[in-house]
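Naming convention: chains lettered A, B, ... in sequence-line order (proteins, then strands); numbering from 1 in each chain.
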Amino acid sequence: MGSSLAPPPKPGNRRELLALGGLLCLVSLVFVLAVSHGAVPLKIFHLDETGRRILFEVRLPRVLLAGLTGAALALAGLYFQYVMQNPLADAFTTGASASSALGAVLALLVAGEILVLPAALAGALLGLAAVFHIASLRGRLLPVTMLLAGIVVNTFASAAISLLKFLADESVASIVFWLMGGFQNATYARVGLLAGAVFASALYGLLRAPALDLTAFDDETALSSGVPLYRLRRELLFTGALLTAVSVAFSGIIGFVGLIVPHLLRLIGFLRAGVLVPFVVLFGAAFMMLADLLARTLLPQGQELPVGVLTSTLGGLFFLYLLLKRKRELYELA
Amino acid sequence: MNWLELRNFEVRQGDFRLRIPELHLSAGEMVAVLGPNGSGKSTLLSALAGLKTYRGTLRLAGNELHTLSERERYRRLSYLPQSGRLGLPFEVFYVVLTGRYPLLSGRHYTEADHRATERLLRLFDLEDLRHRLFGELSGGERQRVLLARALNREAPVLLLDEPFNAVDLRHQHLFVRHLRDYVRRKKGLCVTVLHDLSLAVKYFDRFLLLKEGTLRADLRRAELSETLLGEVMDVAVKFVEHGGEMLLSIDLMKKEEN
């Protein structure tokens with residue numbers, strides 16, 4: 001990935017390579033921390049038989065799933081931001097997570113486990129299509145309208161999920177727990193599937209990086225720059241929905257990662273898709289492994305917080321900051 | 001050579017219809033599109049840019065527009081819409097650089113693209129803004145950046161919709177002079193929607209007067225008349241000769257004054 005993300009010799013290139021190195025170090029560091037800490041502390045270089053089993057059967061898949069889910073949600077958020085043409089879009093604010101969860105719950109109650117993934121994808125796509133159509137007006141899309149449309153989809157999907165829980169009370173406990181978000185159900189199969197999805201989606205974006213940036217312009221400018229705008233939007237929406245659906249199906253609803261991660265990277269000056277796509281994947285992974293580590297270790301006596309609760313608390317505060325400090329962006333007075 | 005040829009050209013948009021029976025715009029021309037609000041100026045420009053479905057014939061450099069691929073089309077023409085907008089943060093330098101997107105042959109902007117962008121930033125006094133975020137600029141500064149972006153493509157045909165909105169006088173004249181040289185040098189064509197009649201009369205050679213979706217007149221500078229301009233624009237126009245230059249005095253029509 002290293003050589004393809006850097007445009008040919010240009011000032012600023014060194015900064016990006018340095019940041020790439022920094023991010024790789026961060027990911028490795030968090031990974032080692034996350035693997036070695038938890039209910040049972042592990043000395044990863046001096047393992048006994050029990051330690052080895054805990055490491056390979058429980059800890060490692062969990063940490064990998066957390067990292068990949070972080071990468072997936074951050075990347076989905078970035079792609080939604082290109083489609084919705086504003087930096088406040090992510091799986092949570094667009095309602096994609098909730099509508100995807102609705103699809104998954106419906107499939108679980110009606111058809112069983114096999115249909116969970118396709119149903120989650122269908123749910124996410126329906127929710128996103130609704131938000132896009134409600135929020136876009138004559139070739140432009142206002143952030144505030146998008147957020148309102150996202151609330152509509154979120155409210156509707158949450159209500160529908162509550163209704164389903166009410167109607168089918170025997171499996172309620174597991175659904176509630178799953179929806180709160182967490183990586184307890186990690187398996188290597190899930191890790192493999194999510195890794196494939198993240199890799200393919202990131203590659204898709206990297207190969208079209210300059211075109212992605214152009215989708216941020218008004219439609220007329222983008223189209224008259226020769227960008228196949230409508231096709232690109234459909235593909236980005238689908239890719240983002242896919243990443244969201246897989247994350248939700250495996251780990252429940254984990255909010256705001258797709259908002260926070262790209263925002264922080266933009267804040268320190270990484271603005272172009274060619275750089276943002278790989279950086280968002282790495283930073284998203286580190287962010288979520290750390291969040292999961294905290295969720296596992298914050299409470300005494302090995303109790304766990306649902307990681308979704310943690311990220312939503314953080315995300316809520318972050319969103320509050322955006323509302324207070326970035327009004328211009330939000331109301332698009334810009 | 002004709003850069004743009006229209007025959008039995010028609011664009012429909014709801015109840016509005018824009019019709020142009022015949023029009024040829026050729027190399028080296030500075031064309032001003034004039035007319036009151038809602039006369040179809042923006043519709044015309046965006047249709048010429050290939051963004052509207054049309055009936056009849058529209059040829060770009062001899063080829064029917066809709067048969068050209070996007071890349072072929074937008075290498076030859078550069079369009080500046082009336083309200084350019086950018087929803088995500090990008091620095092000024094990059095915004096101007098993206099104007100060269102149709103020229104990309106690989107996935108990256110080249111050294112040559114960067115050099116051309118540098119040159120335009122210098123030319124239009126945008127160097128100091130190069131690292132600023134587009135969203136943080138004032139309206140006039142933004143418009144200058146978008147104009148530089150449109151010119152950065154080095155396309156022979158320029159379609160500019162009110163390019164001087166909110167741009168200060170000095171930069172208006174700087175830009176329009178650059179446009180004139182550009183058109184001469186490239187044997188190109190510049191079609192510009194304008195509201196400023198004096199700017200139009202000073203720098204442009206050909207005038208398309210639009211009203212209610214029809215082309216009322218297609219005139220060279222020498223053919224401009226006070227009555228025709230006044231009738232189309234709904235104002236009283238008077239030419240004043242001053243030091244060899246033609247100036248315009250504009251007032252409301254008599255009947256509207258009281």
Side-chain angles (χ1 to χ4, degrees), chain A residues 3-12 78 81-89 138-143 146 206-229 231 262-263 265-267 269-274 276 326 328-329 332-334, chain B residues 42 45-46 48-52 68-91 93-95 97-104 106-114 117 131 133-139 142 146 149-150 152-153 155 159 161:
Chain A
S3 67
S4 66
L5 66 91
K10 266 296 106 215
L78 183 68
Q81 288 161 21
Y82 290 119
V83 177
M84 306 286 177
Q85 305 141 58
N86 77 76
L88 298 172
R138 275 186 245 119
R140 51 183 291 164
L141 201 144
L142 294 172
M146 183 209 73
L206 262 182
L207 291 177
R208 290 159 187 77
L212 292 200
D213 286 337
L214 279 164
T215 59
F217 284 91
D218 57 289
D219 288 11
E220 291 198 307
T221 300
L223 287 169
S224 71
S225 296
V227 174
L229 184 65
R231 198 187 73 212
H263 202 97
L265 286 170
R266 287 202 176 100
L267 210 63
F270 298 110
L271 305 169
R272 305 179 190 187
L276 272 179
R326 305 230 152 193
R328 269 167 61 104
E329 247 170 62
E332 208 182 59
L333 302 172
Chain B
S42 294
L45 239 67
S46 110
L48 293 181
L51 300 177
K52 295 247 189 291
L68 292 173
S69 74
E70 281 158 342
R71 178 182 273 268
E72 290 171 312
R73 207 188 283 176
Y74 298 115
R75 280 184 171 188
R76 289 185 192 150
L77 72 83
S78 189
Y79 167 56
L80 177 71
Q82 203 180 109
S83 46
R85 183 187 154 263
L86 186 53
L88 294 173
F90 287 108
E91 73 272 42
F93 180 88
Y94 188 63
V95 173
L97 183 67
T98 60
R100 296 177 76 83
Y101 179 79
L103 307 176
L104 284 189
R107 283 186 288 114
H108 301 299
Y109 295 99
T110 63
E111 192 62 43
D113 293 326
H114 283 83
T117 305
H131 294 303
L133 293 182
F134 182 78
E136 293 173 352
L137 304 181
S138 75
R142 255 184 238 179
L146 291 177
R149 180 187 184 276
N152 203 5
R153 190 168 304 168
L159 304 170
D161 197 347

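- In this structure, chain A has no heavy atom under 4.5 Å from any part of B:Leu159.
- No cation-pi contact links A:Arg208 to A:Tyr82, judged by a cut-off of 6.0 Å to the six-membered ring centre and 45° from its axis.
- Heavy atoms closer than 4.5 Å to chain B are found nowhere in A:Ala222, neither backbone nor side chain.
- For B:Leu133, the part lying under 4.5 angstrom from a heavy atom of chain A is the side chain only.
- Panel note: side chain B:Asp113, backbone B:Thr110; a donor-acceptor pair is recorded below 3.5 Å.
- Considering every non-hydrogen atom in both B:Ala49 and B:Arg73, the closest pair reads O-CD, 4.4 Å.
- In this structure, A:Thr215 contributes its side chain and A:Val83 its backbone to no donor-acceptor pair below 3.5 Å.
- Judged as a ring-ring contact (aromatic ring centres under 6.0 Å, His included), and not counting sequence neighbours, B:Tyr101 has no contacts.
- For the set A:Val227, A:Asp213, A:Asn86, the count of heavy-atom pairs under 4.5 angstrom toward chain B peaks at A:Asp213.
- Within the 4.5 angstrom heavy-atom criterion, only side-chain atoms of B:Arg149, from C-beta onward, approach chain A.
- Only the side chain of A:Leu214 comes within contact range of chain B, with heavy atoms under 4.5 Å apart.
- Note: A:Ala211 leads A:Ala209, A:Ala211, A:Gly269 in heavy-atom pairs under 4.5 Å with chain B.
- Scored by the side chain to side chain donor-acceptor pair (under 3.5 Å) test, B:Tyr74 finds no partners at all (sequence neighbours excluded).
- For a residue to count as touching a neighbouring chain, one of its non-hydrogen atoms must lie under 4.5 Å from one of that chain's; by this rule B:Ser83 touches chain A with the backbone only.
- Neither the backbone nor the side chain of B:Glu72 comes within contact range of chain A, judged by heavy atoms closer than 4.5 Å.
- Contact of B:Leu51 with chain A is made through the side chain alone, with heavy-atom distances under 4.5 Å.
- A salt bridge does not link B:Arg85 with A:Glu220: none of the charged nitrogens is closer than 4.0 Å to a carboxylate oxygen.
- Heavy-atom distances place no part of B:Arg75 under 4.5 Å from chain A, backbone and side chain included.
- Under the 6.0 Å distance and 45° angle rule, A:Arg272 does not count as a cation-pi partner of B:Phe90.
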